[in-house]
Amino acid sequence: MLLTALISLLAGALSVLAPCVLPFLPVIVGGSLGQNEDRRRPFIITGSLVVSLVLFTLLLKASTALINIDPRVWTIGSGVLVILLGLTILFPQLWARVSARFALTNKSHKLLHGAQEQKSSVLQAVGIGAALGPVFSSCSPTYAWVIATVLPARPAEAVFYLSMYCIGMAGLLLAIALAGRKLVEKLKWAANPKGWFQRGIGVLMIVVGLFVATGFDKQFQAWAADKVPSAITNLEHSLLDMQNSDEHEESKSSSASNSNNQAPDFQEIESWINSDPLSKEKLKGKVVLVDFWTYSCINCVRTQPYLNEWYEKYHDKGFEIVGVHAPEFAFEKVRENVERAVQEAGIKYPVALDNEFKTWRAYQNQYWPAKYLIDQEGNIQYTHFGEGAYEETEKEIQKLLGTSGEVTAEKNTKKRIGAQTPETYLGYARAQNYVGNLEMGEADYPGASSLNLDQWTFKGKWNTTAESSGALADGAELALRFHAKEVFLVMSGTAGANVQVKVNGKPVTGGDVKDGTLTIDGDRMYKLVDLPEYSEDATLTLTFEKGVKTHAFTFG
């Protein structure tokens with residue numbers, strides 16, 4: 001947790017140097033000068049920007065009424081507000097009239113009193129900071145990781161990390177604003193509120209506001225991403241990978257040292273499949289394997305044959321499995337979708353729908369899949385995270401049951417697992433290795449002329465949200481250069497829509513694809529590619545009909 005907090009703090013500072021923030025630094029520095037000698041303006045602008053960022057983030061996550069609002073609404077609103085504030089700097093009398101019209105200051109003094117000018121200055125500074133909050137809401141992989149992954153499962157922890165991120169961002173922004181103000185104050189002509197310099201700041205704010213409102217800022221960001229070294233973002237990704245690895249090892253160590261801890265009870269399960277509601281008390285006297293999973297996770301899917309076989313072999317000997325289904329994507333919260341996945345996987349053991357991650361948090365779990373083996377007295381005696389260790393896990397089951405026998409041989413052992421293309425998310429929050437300028441909301445993409453291994457790109461009209469990207473028109477394309485034997489893609493959307501699947505330009509057959517065509521029949525994970533042998537380098541091209549949403553690639 002300490003490492004993650006430090007990474008969040010550093011990421012906040014690094015985000016100030018990211019391509020998506022660079023266009024707004026002149027606005028922050030210029031806005032800090034103000035129309036008078038109010039030295040609080042840099043602090044007010046920075047503070048209101050941070051508050052706006054946090055409130056905007058939590059509002060979108062907490063309010064279901066706002067989830068379906070096009071993200072461009074927020075950026076257009078921010079751009080318009082920046083334009084209006086630029087006009088007030090360019091034409092000070094305009095701000096005075098607006099303030100008087102809405103009683104922001106005392107009308108009777110005609111806005112000539114110094115105190116009123118101070119109030120106007122404060123309100124204007126607050127407006128500048130608040131307008132930029134939503135624009136800053138997606139400029140860091142660490143920020144995206146906290147919002148998309150940590151917040152749904154561990155809200156309090158996520159708010160802490162988000163606060164550390166904002167502290168880091170605010171610290172560097174404030175330093176830049178103060179340094180810029182100090183430099184400009186040495187130039188006496190720049191302090192004249194009616195001089196060309198401050199009027200130029202007003203013009204700059206109007207231009208930036210127009211760019212934000214119309215989306216032209218994205219083109220600048222794409223240009224900046226090519227010109228500015230990518231070491232900033234790459235450093236964040238490296239730190240996050242290190243943090244995830246450390247958390248994994250720490251969790252293993254903690255589980256080993258606390259192996260006799262009492263297992264928590266099931267918390268606020270929304271509904272049960274294959275069983276009436278269960279509790280720790282009802283299961284006392286049995287050996288219980290609690291398996292955290294989600295049905296579109298390929299790693300979870302690969303463990304299910306072992307779970308099914310163990311349940312078949314040992315259920316009559318006092319063994320129970322409870323599959324705690326904690327959804328990664330929104331469509332995985334739908335009971336009918338989970339029921340279908342349970343039936344297709346041949347799962348006969350009880351499945352608990354932990355849609356709000358209450359049981360997940362009670363176990364302090366962090367992974368899909370994760371196994372917790374509990375003895376007859378309710379103590380956690382063994383844990384394993386991820387795939388593998390099937391023989392070891394079964395021997396632990398036998399030990400607790402007091403039985404013996406031949407353990408299940410490992411199925412479909414995958415070679416080259418470390419070298420294959422990593423899991424690839426297609427929503428804005430966790431997208432990596434995209435070639436081009438990926439945008440939130442609707443966009444028409446030109447496609448990339450070339451891809452390196454593990455890179456991907458869109459072509460045509462797409463609508464991108466935090467967790468998915470959907471085809472807005474027939475013929476929308478997604479290209480991916482991969483190294484693996486099998487390729488899976490989580491998709492949802494219009495039932496009956498078709499997806500054309502080609503590898504190296506040729507239609508494929510296998511998995512869910514026949515003669516190069518896959519038909520959407522529900523919200524689930526689809527097998528797109530099953531090559532005869534592992535491919536070191538291949539290009540997958542998908543062509544979609546309108547209405548199909550893509551979520552994440554996984555590989556085998």
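All figures in this text were calculated on a predicted structure; none of them were measured in a lab.
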Sidechain N-carboxylate O distance under 4.0 Å for [X], [Y]:
X	Y	result
R524	D512	yes
E442	K461	no
D537	R481	yes

Going by distance alone, is a donor N or O of one side chain under 3.5 Å from an acceptor N or O of the other, for [X] and [Y]?
X	Y	value
H483	D454	yes
T359	Q267	no
Y526	D521	yes
T464	E439	no
R335	S271	yes
E332	S296	yes

- Task: Measure from the ring center of Y425 to the ring center of W456 and say whether it is less than 6.0 Å.
- Result: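 Between W456 and Y425, which both carry aromatic rings, the centre distance is not below 6.0 Å.
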Any donor-acceptor pair under 3.5 Å from [X] side chain to [Y] backbone:
X	Y	answer
D474	F544	no
T424	P422	yes
Y445	A476	no

- Hey, can you tell me if Y295 and H325 have their rings parallel, tilted or perpendicular (30° and 60° cut-offs)?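 Because their plane-to-plane angle is under 30°, the rings of Y295 and H325 count as parallel.
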- Quick one: sort the W360 and W368 rings into parallel, tilted or perpendicular, breaks at 30° and 60°.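 Plane angle between 30° and 60°, so tilted.
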- Message: Is it the case that atom CD in E344 sees more than 12 heavy atoms from other parts of the structure closer than 6.0 Å?
- Response: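 Buried by this count: over 12 neighbours within 6.0 Å.
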- Is it true that atom NZ of K348 has more than 12 heavy atoms of other residues, nucleotides or ligands lying nearer than 6.0 Å?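 Atom NZ in K348 is not crowded, with 12 or fewer foreign heavy atoms closer than 6.0 Å.
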- Task: Please report the shortest heavy-atom distance between Q455 and N452, naming the atom on each side.
- Result: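 Looks like OE1-N, 2.7 Å.
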